[in-house]
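Here's the structure, in structure tokens; my notes come after.
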Amino acid sequence: MTDTAINKKVRVRFAPSPTGGLHLGGVRTVLFNYLFAKQHGGDFIVRIEDTDQTRFVEGAEDYIFETLAWCGLVPDESPLHGGPFAPYRQSERKPMYKEYADRLIAEGKAYYAFDTAEELDAKRKEINNFQYSHATRGLMKNSLTLTIDETEHLLTSGAPYVIRILLPENQEVTFNDLIRGEITFNTNQVDDKVLLKADGMPTYHLAVVVDDYKMQITHAFRGEEWLPSAPVHVLLWQYLFGLENMPQWAHLPLILKPDGNGKLSKRDGDRLGFPTFALDWVDPKTKEVTIGFRERGFMPEAFVNMLAALGWNDGTGQEVFSLEELVAKFSIDRVHKGGAKFDYEKAKWYNQEWLKHLPVSRYKGLVKALFEQKGIDVTDDKKLERVLELVKERCVLLNDFVEQGSFFFKQPETIDIASIQPKWDEKKNLFFVELLRAYELSTLWEASDLEVEFKESAAAHQLKPGELMLPFRIMLVGGKFGPGVFEIAEILGRDETHSRIKKVLGMLE
Ligand code: GLU
């Protein structure tokens, strides 16, 4: 798609239904909408599609906005941010839709259907794979099968009814998808979707078309699962507004499970032990908690980067992109048509890269909170910063900082004595006793000086520094891990280093 093809101000929308936590596929849809809008100097709109009251879930809308804020994908217009086309919640726009349904009825492009739930059920039992369509509508109770008087009577007597689109028989509906190119459906494959429900609420199908029109949406990126609905939307656009103003559609490929085929689901995440939601989600009814990427210790920069790479690349082999870079480099032409397999190891790799890449100040506060949760006091801000700087190369998720950094703030809980004991002897003991003295006298407490003194002392005892490093590390850290041992000693400080050496010497007696 070239820029010359765009002559109107770009306006894209993310139109979630508030039915629960936001799956990472949903966030990727937001991201692609956002990138496209920002790249073209356009607006990113969030519209809440809550016309299906039976699927409404308390807290889901707040969750959506919290996710967007976490990812840095700030809408230009939304129920929260306001805007010239308010309200942005479909339930608050209810009176706007009926006139369009009525217009379709008047023009013979929609009809009233009076079938009760029981009648529909009976038909479903009677006819295999029943669809309310050209093949069956003649058998049903609707304004096409009833006389005008009968229909009038039902309407005036207050009988419940829905309005259905009257799909033309055996007609090809063609539209251009920005990712898939030309797509053609035959209307015989599609059912007569309900447009207006018995409670006067529009269905998603009518509302999405009316609102995209009223909100002057130019491009709509949405999940591939909406592709089967597209012919109904295209026909509605044709009937109501003429196709000229119809947004350009882009149906994004699915995010697939890592093992096997099919869409990645929350259940796959639970089964394989990784998050599929952006943030923790607590089901308000069952209180079931679904873990989120944020709470697993992901940085939003990494999460966004990883999502962009699920189905898109810039063709150069570059993998790490900031949001600003993505805005500059994203191109719809490079979005793959096929589904992208989710790979949790790769997601973690992105986080690791971003932890290395970001200034420590960006996540210091988050890590501090994690330390505090474990009851570890990290009030010395300067020290915390130095520790994070030193161990960040070893961390994949934010929680790893606690594992890698706790020993700087409190004595190790366990000491791996078993790794020192077998090769321990009096010579080594003497070396450490001497080292304590040498360190007592050292004027500067800096890693490089500590190392020189350590090596000199080793030479004086005719010991190889290599044999002494492991015991020294275990004395300070408790185990065989961590960054450079002299850097550790420098940060721990003289008193703490001494106390840890002494403690372990005591254990080795
Ligand atoms: N409300 C639909 C959803 O929940 C939006 C589909 C669309 O973008 O048209 O995904």
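Whatever order the structure lists ligands and atoms in, that order sets their numbers, starting from 1.
At the top of the distance list for atom 4 (O) of ligand 1, counting protein heavy atoms only, stands Ser17 OG, 3.1 Å. Trp226 NE1, 3.2 Å is the protein heavy atom nearest to atom 10 (O) of ligand 1. Summary of contacts: the protein heavy atom closest to atom 9 (O) of ligand 1 is Tyr204 OH, 2.5 Å.
Close contacts of ligand 1 with Glu49, meaning ligand atoms under 4.0 Å from a residue heavy atom, involve 1 (N), 2 (C), 5 (C).
The proximity of Phe14 to ligand 1, defined as any non-hydrogen pair under 4.0 Å, does not occur for either the backbone or the side chain.
For the residue pair Gln352 / Glu393, no side-chain donor-acceptor distance below 3.5 Å is found, with atom types taken as modelled.
Residues satisfying the side chain to side chain donor-acceptor pair (under 3.5 Å) criterion with Lys38, sequence neighbours excluded, are Asp76. For Arg103, the side chain to side chain donor-acceptor pair (under 3.5 Å) test picks out no residue, with sequence neighbours left out.
Residues Phe330 and Phe32 bring their aromatic ring centres within 6.0 Å.
Close N/O approach between Val208 and ligand 1 is not found [any backbone or side-chain N/O within under 3.5 Å].
The shortest heavy-atom distance from Ala15 to ligand 1 is under 4.0 Å. Within the structure, ligand 1 has Arg13 among the residues with a heavy atom less than 4.0 angstrom away.
Annotation: cation-pi geometry satisfied between Lys109 and Tyr239 (NZ/CZ under 6.0 angstrom from ring centroid, within 45° of ring axis). For the pair Arg13 and Phe44, the cation-pi criterion (under 6.0 Å, within 45° of the ring axis) is not fulfilled.
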